[in-house]
Amino acid sequence: MALVPWIRIGQPLENVLDDYERILDAWDAGGIRGLVFGRLVFADGKGGFTVPAFRPDPEPFRRRGLELAPASAEPDASREKQLHAMLDDVKRRGWPVLVFCPGQSTHSVSAPPGEDPFGALNHAAVWEDVFTAFPQADGGVMDGWAELPYEFGAVFRGLTAADRRRAEATGHDADRLDEGRRQLMEAFSRLTPGRVRYYGHHGMLSAMNLFDLREDGVHWLRWRREASLAEGRAFRAELDRLPRKLLLGNGLRTAMFTGITGIDYAAWDGILDLMLVKHYFWQRGFDGLYGTITRWVEKVKELNPGLTEADCFTVVRAWFGTDLPEVESRADMDHGFPQAFFDETVAEETRRALAAASRPEKVLPWVDTGRMPHRGDPMTAGDLKRILEASEGAGLRRFLFHNHGHLTAAEWKVISRMCGREWDEDPDGYWPPNSPPKEVFR
């Protein structure tokens, strides 16, 4: 059975709305069978996206003791009608429909933090409002919700006021957590070549010695997982009280990084209906696997100038528990992706996600190839094909392309050829927005 692709429409929504029948027909032929749309704002004619796609209702917030701030702009009634017409068309095709980041850019809510430490009432009010306004939608996708930071500087910063509220809500001593964080930061700052080459990447017990992991450090790492789960469970409980069953999805960093983000896939399987793991692998930019590893290597070197680059890679391997095939230096990471990366790393990241999910259909990875909006080094359509092939070989059944606004002709060729009827490149028909039509060059 071929992979089943979904697609996201991000900003500007207007690019699809103005030609949605032809675009949906083309996607249908190419195999697309699900849609994520949003954020729920239209272009304002000034280069931004500030016009709400509907008028928020303050009543769901009042019932929960919350106050919804007045909207900063009036909805566009004609665009709103057009959006509903498109969604009606999508539902006639039998596709599931999800809203990306419900409430983001459309709702501003104030509530005493002590009464709702995880924002569960806030989320529930937003979702009740959004999904009453959009009955065609089956649920929503949060993006990195309840994840804790994964970049080195953000991971080891001092606890914020929000962190301290989470600590209190989960029964942890915030000062002790901060001490554990400080101890680990110090350990990262006093690595020596001898320690790295002896302890290195040789299993859990050696890694504990390499990072001088003490009781407070373990407490801090454990709290990151527990705080994340407490937030997820609090909202799930509120969501399940709504009159309509809504699908809950969350965009999650790839499994390699979940030990530090606090998102335990296996535990979150009981909270989420969809695990939108990020098959983001590019170098540089943000959210890409190569870029994240590179920045950790660079930070380890900055803090420990006596280490060789190979030592720094050993430290990062021990921390994340990973080996990137055919990568021994930062220079190697600028030379593109060897086939072994797809065969080993992409396949393993996919297998781990599937192993944690109670049903394979719950795993719906975001797939993208850099460029905007992530500002990563662009990956090729060939890389996209290898990501999909490796993921399918590991047992994946469907994926979500992020997002249509950055889809190229070559990428649409790959997706349609693998998943539906191959796109015909008709200059007068549908054309992906990130490639100029053929006729421009004739």
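In this chain, residues are counted from 1 in sequence order. In this text the structure is predicted, and so the values were computed from the model without any measurement.
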Return the set of residues passing side chain to side chain donor-acceptor pair (under 3.5 Å) with [X] (not counting sequence neighbours), or none when no residue passes.
{"X": "E349", "answer": "T254"}
{"X": "D377", "answer": "R284"}
{"X": "W268", "answer": "S228"}
{"X": "T106", "answer": "none"}

Under 3.5 Å: donor-acceptor pair, side chain of [X], backbone of [Y]:
{"X": "R64", "Y": "P60", "value": "yes"}
{"X": "W145", "Y": "G251", "value": "no"}
{"X": "W431", "Y": "S435", "value": "yes"}
{"X": "H406", "Y": "M372", "value": "yes"}
{"X": "R253", "Y": "G144", "value": "no"}

For this session: Decide salt bridge (charged side-chain N to carboxylate O under 4.0 Å, His left out) for R224 and D163; before the verdict, give the C-alpha distance in whole Å, the side-chain angles of both, and the deciding distance to 0.1 Å.
Result: CA-CA 10 Å; R224 294 174 71 87; D163 291 334; over 6 Å; no
State which residues pass side-chain contact (heavy atoms from CB on, under 4.5 Å) with [X]; sequence neighbours excluded, sorted by chain then number.
{"X": "E348", "answer": "R351, R352"}
{"X": "K385", "answer": "E389, V414, M418"}
{"X": "L17", "answer": "L13, F42, R79, Q82, L83, M86"}
{"X": "K413", "answer": "R417, E422, W423, E425"}

Problem set entry | Full working for salt bridge (charged side-chain N to carboxylate O under 4.0 Å, His left out) between D178 and R182 | CA-CA 6 Å; D178 208 38; R182 187 194 63 77; over 6 Å; no
Any side-chain heavy-atom pair of [X] and [Y] under 4.5 Å:
{"X": "M256", "Y": "T292", "result": "no"}
{"X": "R55", "Y": "E74", "result": "yes"}
{"X": "T261", "Y": "L148", "result": "no"}
{"X": "T258", "Y": "L252", "result": "no"}
{"X": "T369", "Y": "T408", "result": "no"}

Minimum heavy-atom separation for [X] to [Y], with atom names?
{"X": "L177", "Y": "A167", "answer": "CD1-CB, 3.6 Å"}
{"X": "L247", "Y": "D273", "answer": "CA-OD2, 3.4 Å"}
{"X": "R375", "Y": "F286", "answer": "NH1-CE2, 3.4 Å"}
{"X": "D116", "Y": "L121", "answer": "OD2-N, 3.0 Å"}
{"X": "F118", "Y": "A169", "answer": "CZ-CB, 3.7 Å"}
{"X": "V126", "Y": "P102", "answer": "CG1-O, 3.5 Å"}

For this session: Only counting residues at least two apart or in another chain, list the ones meeting salt bridge (Lys or Arg N to Asp or Glu O under 4.0 Å) with R386.
Result: D383
Problem set entry | Listed partners of E151 passing salt bridge (Lys or Arg N to Asp or Glu O under 4.0 Å), at least two apart | R295
Problem set entry | Aromatic plane relationship, W282 with H374 - under 30° parallel, 30 to 60° tilted, over 60° perpendicular | tilted
Exercise. Once the angle between the rings of H219 and H172 is folded into 0 to 90°, is it parallel (under 30°), tilted (30 to 60°) or perpendicular (over 60°)?
Worked result: tilted
For this session: Measure from the ring center of F399 to the ring center of H279 and say whether it is less than 6.0 Å.
Result: no
Exercise. Do F281 and F342 have ring centres separated by under 6.0 Å?
Worked result: no
Quick one: do [X] and [Y] make a salt bridge, cutoff under 4.0 Å?
{"X": "R236", "Y": "D240", "answer": "yes"}
{"X": "E147", "Y": "K278", "answer": "no"}
{"X": "E215", "Y": "R176", "answer": "yes"}
{"X": "R22", "Y": "D428", "answer": "no"}

Exercise. Going through the checks in order, is the salt bridge (charged side-chain N to carboxylate O under 4.0 Å, His left out) test met by E59 and R62?
Worked result: CA-CA 5 Å; E59 185 55 33; R62 291 194 190 110; 3.5 Å; yes
Exercise. Run the salt bridge (charged side-chain N to carboxylate O under 4.0 Å, His left out) check on E361 and R397 step by step: do they pass?
Worked result: CA-CA 7 Å; E361 292 80 10; R397 297 186 181 181; 2.4 Å; yes
Would you give me the side-chain donor-acceptor pairs under 3.5 Å for residues 25-41, sequence neighbours excluded?
{"residue": "D25", "atom": "OD1", "partner": "R93", "partner atom": "NH1", "Å": "3.2"}
{"residue": "D25", "atom": "OD1", "partner": "R93", "partner atom": "NH2", "Å": "2.8"}
{"residue": "W27", "atom": "NE1", "partner": "Y430", "partner atom": "OH", "Å": "3.2"}
{"residue": "D28", "atom": "OD1", "partner": "R33", "partner atom": "NH1", "Å": "2.9"}
{"residue": "D28", "atom": "OD2", "partner": "R93", "partner atom": "NH1", "Å": "3.1"}
{"residue": "R33", "atom": "NH1", "partner": "D28", "partner atom": "O", "Å": "3.0"}
{"residue": "R39", "atom": "NE", "partner": "Q104", "partner atom": "OE1", "Å": "2.3"}
{"residue": "R39", "atom": "NH2", "partner": "Q104", "partner atom": "OE1", "Å": "2.9"}

Exercise. Testing W296, F337, Y280 for ring-ring contact (aromatic ring centres under 6.0 Å, His included) with Y290, which one passes?
Worked result: F337
For this session: Would you please test F320 and L289 for side chain to side chain contact (heavy atoms under 4.5 Å, CB included) and show each step?
Result: CA-CA 11 Å; F320 288 117; L289 187 151; over 6 Å; no
For this session: Please report the C-alpha distance between I415 and I7 in whole Å, then the side-chain angles of each, then the deciding distance to 0.1 Å, and finally whether the side chain to side chain contact (heavy atoms under 4.5 Å, CB included) criterion is met.
Result: CA-CA 11 Å; I415 293 170; I7 199 162; over 6 Å; no
Exercise. Any salt bridge (charged side-chain N to carboxylate O under 4.0 Å, His left out) pairs touching residues 131-141, not counting sequence neighbours?
Worked result: K91-D138
Exercise. Can you list the steps and then say if D129 with H107 is a side-chain hydrogen bond (donor to acceptor under 3.5 Å, both in side chains)?
Worked result: CA-CA 10 Å; D129 188 22; H107 291 72; 2.7 Å; yes
Within a radius of less than 6.0 Å around [atom1] of [X], do more than 12 heavy atoms belonging to other residues, nucleotides or ligands occur?
{"X": "R244", "atom1": "CZ", "answer": "yes"}
{"X": "E168", "atom1": "CD", "answer": "no"}
{"X": "K245", "atom1": "NZ", "answer": "yes"}

For this session: Please step through side chain to side chain contact (heavy atoms under 4.5 Å, CB included) for the pair W319 and I260, ending with a clear verdict.
Result: CA-CA 9 Å; W319 184 246; I260 197 62; 3.7 Å; yes
